[in-house]
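Beneath this line is the structure, given in structure tokens, with notes to follow.
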Amino acid sequence: MVQIEDLYDNTRLPRWPQRLLLLPYFPVGLVLALLRVFIGLHIFLISCILPRNSVLTRVVLKTMCAVLGIFVSSDGLDSENNRPRLLIANHVTELDYTAVNLLVPCAMPSSKSLPRWLCWMLGQKNWGETRTQLSHNAQQHLSQEILPLLFQPEGASTSSWKGLLKLSSLPFTLDHPTVQPIAISVCRPLFSIGVSTLGSSWWADLFWFLFTPATVFTIRFLPPVNREEDTPEDFARKTQQVIAAHLGVEATNITDTDVEEHLKRMSHLPPPEAAAVSSQSTRSPGARPKQPTATNTTPQTGNVISTRTSGVRKLQVMVSQVREVLPQVPEDVVRRDLAETGDVDATITNILEGRVRYTPETPPPTPEQASKLSSTPQEDSGAAQMANPVEVPKFAGEFNRSPDQRHMSLQERKQAMYDIARRRYMEKHGLQ
């Protein structure tokens, strides 16, 4: 089963035999990068002024790509009369659109991972931030413009060596019965420098484009896929499987949101723990990271023990914070999930959304509650009410597809947590 880390290159640099060859090339690469920035910027500006669908623009773009060391080869490119106007491609780099545009002049919505000014320079269209705006403007373009429309519905770039992210259903909701799938693969000869690494920024990717001698794009136009009677989700899945089958990789159910959540989880952990979680997810979904073994032969034993003690103390504090809000959840269950998330809010969210399985337990009464149990009947009823755990509202574990619904669900969970904490505080101090 493909994990998130499998979708990316482990490192930018090649293996050691080629890494040695990279050392003498390093100063040459830096000079080449500076020259390409200076020349490429001017060519970019010229291409922005010229009409998108003109022959002169395509000549300028080809010149720009040659300067940047970008070479494009194609396969299966038929005449424009037989090609659907809705293009669907996998996402490898932020320059995929430029490579496709060299072969087929087309329009594309702006990428959410690039700044607005860079999207403008690349010729991408700013069609709004929401799904509704984007869908409306895309449909309007298909009905009024001649240029084809390119979508990369993975939502995030991957190396496309082992798997594809799940495609968004947005482009498949448009009123267009046939799509043109495009399989993109990218390689860098000579030094085999990685194209896409997990969590890399756009400027780092751009630097390696400028630094490496050449980057080769292979664009393959696959047979068109018809909608038939499929729902948008089924249509997206069918197109994903066509592209994945041609690339020889797995069509996964991992979404770009899963990648973002994985990066957030890794950012909350110290480097050793993050590496343990990363290796855990690459082994199997249910595997646990190995526990560190005690070391008493090195001179740093005291520091290691001190670090572990502070880590255990910090984990215990987070366990207490979670159980203050959710006392019915067993401590070992909370501790296990905190070891993976490293974040109190993330663990509370996992429990409330049903991702964590547990058997509820009744928390023992506090000393104040125990003393009230032996008092008057009126106090007995109040103490019994306090001894009973506050019922935590259950939320559906289903992940809403709409961002508005997810936002409302998050606000409801927060409000419920605030209400529970306020109610417990008032019962504890007798403010009711």
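Both backbone and side-chain heavy atoms feed into the values below; hydrogens, waters and symmetry mates do not. By convention here, the first residue in the shown sequence is residue 1.
The pair Glu94-Lys112 does not meet the salt-bridge criterion, since no charged nitrogen lies less than 4.0 angstrom from a carboxylate oxygen. With respect to the salt-bridge test (charged N to carboxylate O, under 4.0 angstrom), the residues Asp234 and Arg227 do not qualify. A salt bridge links Glu331 with Arg335: at least one charged nitrogen is closer than 4.0 Å to a carboxylate oxygen.
Of all non-hydrogen atoms in Leu32 and Phe211, the two that sit nearest each other are CD2-O, 4.3 Å. Nearest approach of Tyr97 to Ala107, heavy atoms of both residues: OH-CA, 3.9 Å.
The structure places SG of Cys106 at 11.5 Å from CZ of Arg85, a figure rounded to the nearest 0.5 Å. With rounding to the nearest 0.5 angstrom, the CZ atom of Phe71 is 9.0 Å from the OG1 atom of Thr215. Put simply, CD1 on Ile193 and OG1 on Thr212 are 5.5 Å apart, with the number rounded to the nearest 0.5 Å. In this structure, SG on Cys119 lies 10.0 Å from CH2 on Trp202, to the nearest 0.5 angstrom. Here Asp96 contributes atom CG and Ile219 contributes atom CD1; the two are 7.0 Å apart, rounded to the nearest 0.5 Å. Taking CG of Leu114 as the start and CG of Leu206 as the end, the distance is 9.5 Å to the nearest 0.5 Å.
Under a cutoff of 6.0 Å and an axis angle of 45°, Arg188 and Phe209 form a cation-pi pair.
Remark: the backbone N or O of Ala156 is not paired with any side-chain donor or acceptor of Asp256 at under 3.5 angstrom. Between the side chain of Asp6 and the backbone N or O of Gln3 there is at least one donor-acceptor pair closer than 3.5 Å. Counting only distance, with no hydrogens or angles, the side chain of Thr252 and the backbone of Leu164 share a donor-acceptor pair below 3.5 Å. Using modelled atom types, one side-chain atom of Ser200 and one backbone atom of Thr197 make a donor-acceptor pair closer than 3.5 Å. Although no hydrogens or angles enter the test, the distance criterion places no donor-acceptor pair under 3.5 Å between the side chain of Asn137 and the main chain of Leu134. For the pair Thr130 (side chain) and Gln133 (backbone), a donor-acceptor distance under 3.5 Å is present. In terms of modelled atom types and a separation under 3.5 Å, the side chain of Gln124 and the main chain of Ser111 share a donor-acceptor contact. With Gln180 contributing its side chain and Pro84 its backbone, the two residues share no donor-acceptor pair below 3.5 Å. Between the Asp9 side chain and the Val195 main chain, a donor and an acceptor come within less than 3.5 Å of each other. For the pair Tyr358 (side chain) and Gln328 (backbone), a donor-acceptor distance under 3.5 Å is absent.
Taking the side chain as every heavy atom from C-beta outward, Ser168 and Arg131 approach each other to under 4.5 Å. Side-chain contact check for Leu338 versus Val319: some heavy-atom pair is nearer than 4.5 Å. Side-chain contact between Leu167 and Gln152: absent, with no pair of heavy atoms (C-beta onward) separated by less than 4.5 Å.
Every pair passing salt bridge (Lys or Arg N to Asp or Glu O under 4.0 Å) that includes a residue from residues 195-223 is listed here, sequence neighbours excluded: Arg12-Asp205. The ring-ring contact (aromatic ring centres under 6.0 Å, His included) analysis of residues 132-157, with sequence neighbours excluded, yields the pairs Trp127-His141.
Centroid-to-centroid, the aromatic rings of Tyr25 and Phe191 come within less than 6.0 Å.
Between Phe217 and the options Val100, Val186, Thr98, Leu102, a side chain to side chain contact (heavy atoms under 4.5 Å, CB included) holds for only Val186.
Considering only residues two or more places apart in sequence or on other chains, Glu228 meets the salt bridge (Lys or Arg N to Asp or Glu O under 4.0 Å) condition with Lys238.
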